[in-house]
Every structure is written in C-alpha cells, then in structure tokens.
Asker: 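Handing you a structure now.
Numbers restart at 1 for each chain; the letters A, B, ... are given by sequence-line order, proteins then strands. Computed from a predicted model, the values in this text were never measured in an experiment.
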Amino acid sequence: MSVRVRYAPSPTGSPHVGNVRTAIYNWLFAKKEGGHFLVRLEDTDRSPERYVPEGIFDIENSLRFLGAIPDAWWITGGPDAPYVQSQRLPTYQEAAERLISEGKAYRCYCSKERLDTMRAEQQARGVPSGYDRHCRNTERAEALRQKRLAEEGKEPTSVVRLAMPLDGVTILHDVVRGDISYENKLQDDQVLLKSDGFPTYFLAAAVDDHASGITHIIRGDDWLSSAPKLVQVFVALGWEPPKFVHPPLIVGPDGKKLSKRHGATQFSWFMEQGYLPEALFNFLVLLGWSAGSENRELFSVPELVERFNLEGMTQHPAVFDYDKLKWMNGQYIRKSEPGRIIGMCLPYLRKAGLIPEAPAPDAKDEVKETYRKEVLDYARRVIPLEIERMKVLSEVTELVGFFFKDLSFPEGYDPKAVTKWMGMAHIKPLLTFEIEQFGALTEWTPETIEQVVRAAAEKLDVKFAEVIHPTRVAATGQTVGPGLFETLWALGKERTLKRLTSVLEKV
RNA sequence: GGGGAUAUCGUCUAGAGGUUAGGACGAGGGAUUUUCAGUCCUUAAACCGGGGUUCGAUUCCCCGUAUCCCUACCA
C-alpha cells in the first residue's frame, strides 16, 4: 500500500519550528516513498485564546517557503476534503453516536466544578488523577442529568467520553521506539465530543486519519504518552490504527520543550530574519534525524529526499542551536547565486530606509530607468562585497549601511575609528595626495585605486597599513569592511572624493 | 503522585561486542595580512552510575539515577 501521511497543525498562532520540522519529516517521507502528503487543519479548539485564524496563513506560508507543498489540503481540495475539521462536525458527531450505541462511549453530565473538585482531591491525596468514571454508570449519569435539569431548568450540557477497557494493555507499535505497552486501566475515559459539539483531537484525528487512509502518523514525541488513547479510539471504531512515528522533541538549552523563553520559536521569525529556505530545511531535518555514517551536514533538499528514512530518526531530544543554524545559513548564502541573494536583500534595505521604494508599476519609464541605474545598479555592485560576511540576510543593512548613508566628517564616523586612525601626522598629506591622484584617474577600477594607495605609502614613506586603515576610515567611517580597493571602487569616484574631502577639511 | 520515553565531547550527532570512539557547530591556536568576515590547517573536549552476560563491554540485559513528555470539555 502506498504511503499516506499528514501534517495536522492547529491554528493557535504562527507555527512553532518543531511543528514545521514535523511537516518536513512528513513531506520527506512521502516524497521518498512516492506517497501522499496531506495537510489538514485541526481547528476544533474554539476557545478565543487558542483559536487564531491568522495563524492559518503562517502555516501556508511556512510550507510554501520551504517548498514542502502538500498533495492535498484546504487550498487544493481533493478527495478527502474538507481538510478543515471545523467543517466536519456532523461526521464526528455521527461517530460519537455510533460509539454510544455500541456501548463504547457514554454521555457524561459531570459539571466542571465536580471535575475540578475531584481532581483537587486526587492531588491532595496523592493518588493518580483522572476521571472517576462517575457517568459510565448509566443510572448515575441519568440521576446527575435529572439533578442538573432541576437546578438549571434546562437540559444540562454533556460530553461524550470513551469507555476505556478496564483491563488489558494497549501496545503501541512505534517505528522509532519499538513496541510500547500501556496498561488500559491507567488510561482516562477521554472526552471525545465536547459540550460545544466540537470533537476533541482524539475523535477528530481518528476519524480523519481513517477517512484519508493515513498509513503513518509522524508527530512529535509529546504525543507519545497519549497515543494509547488514540489507539483505543481507533479500536472502538473498529479500525486498524496507522503506524506511529514519534521523532524526539526540540528543546532549549535547559532541556525543556523549545519555547519563547529560549528565544524565537516561530517559524515566521526565521523567515523574516533572512534565513534561506534550504538552510532551515537542512537544519531542522538534522535535529532528530541523521544520515548515518555519512560525515557531513550540508544536504540539499533533493539529497535529503534521497536519503531520508525512518531508521535514521534519533530518539533523544535535540537542543536547538541558534549558532549552528547561523553558520549553516551562512554556508547556503555563499553557495547561492549572488543575484538571488541581492534580490532577497533589497527588501531589508528598503525597510531600513537605505534605498527608496521601487517606483510604482505605472510610473514613467524614465523614473524606472533612473531607479534602476541609481539605486539597483549600486546595490548590485555593493551587496556582493558583503555576501561572505553575511550569516542572515537581515544583517545586510548593517553591513552595507556605510555605502548608502550620507557621510560627512565627523557625522556618521565611528569615533573610535577616528581617534585611532585620524590623528596621525601623515593624514593630511595622505588625503591630499589621494584626492589629487584619485581625481586624476580616468579609469576607476580596484587596480588603479590600489596603485594610488601604494604610491601614497611610498611617497609618504609610511607603512602600507598606515595608509590603508586611515583611508578606509576616511572613506567608510569605520574600520571593518571588505577589501579597501574594491570598497572604494564600489563606492565610486565621486562619493570617495567627497568623503575624503570632508575629512581633509575638518581633520 | 501516576504513566511513558530518553541517556556518547558544552551543542548536533556517527559508531561497533575488541576502534587512536569519527564528523560538524561553538571554543583555543596558527596561516592568508588590508581590518572584519570568509577560507585553510590545527588543539582541547564525550561513552550517567552499579550490577550482570561475555575472554572482552561505551555497545546486549537488569537496577538505580537524571532529564523530558503526558496526566484538560488544548492540540
């Protein structure tokens, strides 16, 4: 049978990197096995604080960004549509009714207060907490219903609970962890249908997984403990449960589930920061999966598809190492076509106000032409010089800022750089010489620029470093940056002369 | 409290009944010297503890310990 897997996010906000990794694993497995990758929305929790419809866009964007495109989801529709659980309420209600009629589930009239009191007592006594199965006894349930009916003057709300087997064990066949057994008597009578008519995850997942013919449930390890309850829902409904795959959790440096406390966890944040899709893909896959004895860590997406297997799944939690992600992103930036990186950098420059917004599509041709020549060409010349220094794209604004800002000594100059290099005795003659010689250049190339700078060192009889560094500071306002000659070349003759002159006048 | 899972350098991990326990990030050192970054070379750094099984266990088994996850009308 062909593999069918699913990613079933809840719209509780922008997806967590751990969830996105789960999506990647599902997608990879489907691709590798020539199977199907479905995505469905588990939006059955309607409480306002957890239901965040805008999160749906982030779910869509993250998958598209990574290129992990579902074979079927709410965007495409398809044979298993709808892929949105809130649109399938009658289906779940039917399933619940069927279970009740077969005696595998029952209606529970216990109020929240009763449940809370019960739990509090259990905790106080130090006994295992869980539903006491009060309403599993039909007479007691009916009595409770009557009592509440009299008190409230209307039909009381109820939920549907699964009647867990009271003995025996549930064996979970987990592909990465082997068989795990759970004692049924320790499992709770899980709520299947809530009083608002929405199903809980347990009912909805079982119904949908069965309806879609899911063969493997690949999801985070945090689901492992509750897996037997899901299995029992399948059993009660008379269906064969899928195979389970529980990759390890992604945790923070303190070993706890990765959360905001540890830093950014929302996938969208990484997209905004300028992490490349292939870097995030690569990095996330390697948190919990390994290519085995192949001693490398940089894999393209096709290479990962080729290698991916469930056997390579790791079984202990992995700490999310932001530094390593940055390193990996830097690797991919340098591997990438410069043109692509430039294009991806422009929005950051616009946002930082370093370059103006692009002219509107209906602007005059001259306007567009001017923009192209004065803004884009310059950006295209300047950004490549900093590519080898970039770890994330958003750093581009800091890196190339000095190329775009209006520098006029001493405004915009790094004070430390100035005190270190602008106080030397030979600064004035140096700048005078350079301004004169640069001005005389008919060809402005890194080579001709270098000739002038070397000539300056010779003429003034100072060390090369003693002309290089002051010149850099005078032209860029800072001590760090790309090689001086290409920097000046990219800056252009006009800007260079202007800046050097502004320094000479006031130094 | 109960249940489940997990345990190799600081971190991600490879590994096999006998290895100099390998690679990567990060850290230290060096080279390139025109700064920073990059690149290259290099150093330090690990098998949780105790019992077994075995000629031999870091590897297999058991116990302990530690950590995490679950224990909702959340997913």
Asker: Taking the side chain of Pro128(A) as its heavy atoms from C-beta onward, which of C70(B), G2(B), C73(B) lies nearest to it?
Answerer: G2(B)

Asker: Measure centre to centre between the rings of Phe270(A) and Phe320(A), then say whether the value is under 6.0 Å.
Answerer: yes

Asker: Which nucleotide, if any, forms a Watson-Crick or G-U wobble pair with A14(B), using both distances under 3.5 Å?
Answerer: none

Asker: Across all strands, who's sitting opposite U19(B) as a Watson-Crick or G-U wobble pair, both distances under 3.5 Å?
Answerer: none

Asker: Using a cut-off of 4.0 Å on non-hydrogen atoms, how would the nucleic acid contact of Val159(A) be classed: base, sugar-phosphate, or nothing?
Answerer: base

Asker: Distance check needed: A75(B) C1' versus Lys257(A) NZ, whole Å only.
Answerer: 9 Å

Asker: Give a yes/no on whether any side-chain N or O of Arg50(A) is located under 4.0 angstrom from OP1 or OP2 of A75(B).
Answerer: no

Asker: Within the pair Gln123(A) and G1(B), is there a side-chain N or O less than 4.0 Å away from OP1 or OP2?
Answerer: no

Asker: Can you tell me how far C1' in G38(B) sits from the matching atom in C74(B), rounded to whole Å?
Answerer: 47 Å

Asker: Mapping Ser111(A) and Gln187(A) onto RNA chain B by nearest heavy atom, which one lands closer to the 5' end?
Answerer: Gln187(A)

Asker: Tell me what Arg472(A) touches on the nucleic acid: a base, only sugar-phosphate, or nothing, going by heavy atoms under 4.0 Å.
Answerer: base

Asker: Please work out if Leu286(A) contacts a base, only the sugar-phosphate, or nothing of the nucleic acid, heavy-atom cut-off 4.0 Å.
Answerer: sugar-phosphate

Asker: Give the nucleotide from the list U6(B), G4(B), A75(B) with an atom nearest to the side chain of Arg177(A).
Answerer: U6(B)

Asker: In terms of side-chain geometry, is the basic nitrogen of Glu458(A) or Arg454(A) positioned less than 4.0 Å from the acidic oxygen of its partner?
Answerer: no

Asker: Shortest non-hydrogen contact from Pro470(A) to His426(A)?
Answerer: CG-NE2, 4.5 Å

Asker: Between Asp132(A) and Arg140(A) (salt bridge meaning N to carboxylate O under 4.0 Å), is one present in this structure?
Answerer: no

Asker: Nearest to the Glu388(A) side chain among G38(B), G4(B), A75(B), which nucleotide is it?
Answerer: G38(B)

Asker: Can the ring centres of Trp289(A) and Phe308(A) be said to be less than 6.0 Å apart?
Answerer: yes

Asker: With a 4.0 Å cut-off on heavy atoms, is Lys326(A) in touch with a base, just the backbone sugar-phosphate, or nothing at all?
Answerer: nothing

Asker: Report yes if a side-chain nitrogen or oxygen of Lys229(A) is closer than 4.0 Å to either non-bridging phosphate oxygen (OP1 or OP2) of C70(B); otherwise report no.
Answerer: no

Asker: Would you measure the distance from the P atom in C62(B) across to the matching atom in G4(B) and give it in whole Å?
Answerer: 14 Å

Asker: Rounded to whole angstrom, note down the P distance from C12(B) over to G51(B).
Answerer: 29 Å

Asker: Please tell me if Ser290(A) has a side-chain N or O lying less than 4.0 Å from either OP1 or OP2 of A14(B).
Answerer: yes

Asker: So if I take every side-chain heavy atom of Trp223(A) and compare against A75(B), C69(B), A24(B), which nucleotide ends up nearest?
Answerer: A75(B)

Asker: Report the nucleotide, chosen from U6(B), A75(B), G26(B), that has the shortest atom-to-atom distance to any side-chain atom of Tyr201(A).
Answerer: A75(B)

Asker: For the base of G15(B), is there a side-chain donor-acceptor partner from Ser293(A) under 3.5 Å away?
Answerer: no

Asker: Return the nearest nucleotide to the side chain of Asp321(A); candidates are U11(B), C73(B), C69(B).
Answerer: U11(B)

Asker: So, does Lys194(A) get its side chain near the phosphate of C74(B), meaning an N or O under 4.0 Å from OP1 or OP2?
Answerer: yes

Asker: Scan Gly130(A) against the nucleic acid and name what it touches under 4.0 Å (heavy atoms): base, sugar-phosphate only, or nothing.
Answerer: nothing

Asker: Relative to Phe299(A), does Arg307(A) satisfy both conditions: NZ or CZ under 6.0 angstrom from the six-membered ring centre, and within 45 degrees of the ring's axis?
Answerer: no

Asker: Let me confirm one number: the CH2-CD1 distance from Trp73(A) to Ile59(A), rounded to the nearest 0.5 Å.
Answerer: 9.0 Å

Asker: In whole Å, measure the gap between the C1' atoms of U19(B) and C63(B) for me.
Answerer: 29 Å

Asker: Could you identify the nucleotide paired to G1(B), looking across every strand shown and requiring Watson-Crick or G-U wobble geometry with both distances under 3.5 Å?
Answerer: U71(B)

Asker: May I ask you to check whether Phe438(A) and Trp444(A) place their ring centres under 6.0 Å from each other?
Answerer: yes

Asker: Across all strands, who's sitting opposite G38(B) as a Watson-Crick or G-U wobble pair, both distances under 3.5 Å?
Answerer: U32(B)

Asker: If you pin Trp289(A) and Gln85(A) to their nearest nucleotides in RNA chain B, which one's is more 5'?
Answerer: Trp289(A)

Asker: Please state the C1' separation for the pair G28(B) and A44(B) - nearest whole angstrom.
Answerer: 7 Å

Asker: Using a cut-off of 4.0 Å on non-hydrogen atoms, how would the nucleic acid contact of Gln331(A) be classed: base, sugar-phosphate, or nothing?
Answerer: sugar-phosphate

Asker: I need the CG-C1' distance between Leu203(A) and A72(B), as an integer number of Å.
Answerer: 16 Å

Asker: Check RNA chain B against residues 39-47 of chain A and give the residues with a non-hydrogen atom under 4.0 Å, in numerical order.
Answerer: Glu42(A), Thr44(A), Asp45(A)

Asker: Does U13(B) have its OP1 or OP2 closer than 4.0 Å to a side-chain nitrogen or oxygen of Lys324(A)?
Answerer: no

Asker: Which part of the nucleic acid does Gly255(A) contact within heavy-atom distance under 4.0 Å: base, sugar-phosphate only, or nothing?
Answerer: sugar-phosphate

Asker: With a 6.0 Å cut-off on ring centres, are Tyr201(A) and Trp223(A) close enough?
Answerer: yes

Asker: Just to be sure I understand the rule, does Arg119(A) reach a base, reach only the sugar-phosphate, or reach nothing, if contact means heavy atoms closer than 4.0 Å?
Answerer: sugar-phosphate

Asker: Heavy atoms only, 4.0 Å cut-off, all strands: where does Pro482(A) land among base, sugar-phosphate and nothing?
Answerer: base

Asker: Using atom P in both nucleotides, what's the gap between U11(B) and A27(B) to the nearest angstrom?
Answerer: 16 Å

Asker: Among U6(B), A5(B), C12(B), which is the nearest nucleotide to the side chain of Val319(A)?
Answerer: C12(B)

Asker: Both distances below 3.5 Å, Watson-Crick or wobble geometry, any strand: find the nucleotide opposite U58(B).
Answerer: none

Asker: Would you mind classifying the nucleic acid contact of Arg334(A) as base, sugar-phosphate or nothing, using non-hydrogen atoms under 4.0 angstrom?
Answerer: sugar-phosphate

Asker: Does Ser129(A) reach a base, just sugar-phosphate, or nothing at all? Heavy atoms under 4.0 Å.
Answerer: base

Asker: Just call it for Gly330(A): base, sugar-phosphate, or nothing, with non-hydrogen atoms closer than 4.0 Å on any strand.
Answerer: nothing

Asker: Quick check: any donor-acceptor pair below 3.5 Å linking the side-chain of Ser226(A) to the base of C70(B)?
Answerer: no

Asker: Give Tyr182(A) one of three labels, base, sugar-phosphate or nothing, depending on what nucleic acid heavy atoms sit under 4.0 Å from its own.
Answerer: sugar-phosphate

Asker: Between G1(B) and G64(B), how many Å separate the two P atoms, rounded to a whole number?
Answerer: 15 Å

Asker: Among the nucleotides C36(B), G3(B), G4(B), which one has an atom lying closest to any side-chain atom of Ile180(A)?
Answerer: G4(B)

Asker: Is there a Watson-Crick or G-U wobble partner for U6(B) with both distances under 3.5 Å, and if so, which one is it?
Answerer: A66(B)

Asker: Give none if G26(B) has no partner; otherwise give the nucleotide forming a Watson-Crick or G-U wobble pair with it, both distances under 3.5 Å.
Answerer: none

Asker: Quickly work out the Asp188(A) CG to G1(B) P distance and round it to whole Å.
Answerer: 19 Å

Asker: Return no unless some side-chain N or O of His316(A) is found under 4.0 Å from OP1 or OP2 of U13(B).
Answerer: yes

Asker: Which atom names give the shortest non-hydrogen contact between Ala379(A) and Pro384(A), and what distance separates them?
Answerer: O-CD, 4.1 Å

Asker: Taking only Lys NZ, Arg NE, NH1 and NH2, and the carboxylate oxygens of Asp or Glu, determine whether Asp222(A) and Lys257(A) approach each other closer than 4.0 Å.
Answerer: yes

Asker: Within the supplied structure, the quantity of interest is the number of heavy atoms (other residues, nucleotides, ligands) at a distance under 6.0 Å from Glu398(A) CD; does it exceed 12?
Answerer: no

Asker: Using atom P of each nucleotide, how far apart are C41(B) and U8(B) to the nearest Å?
Answerer: 29 Å

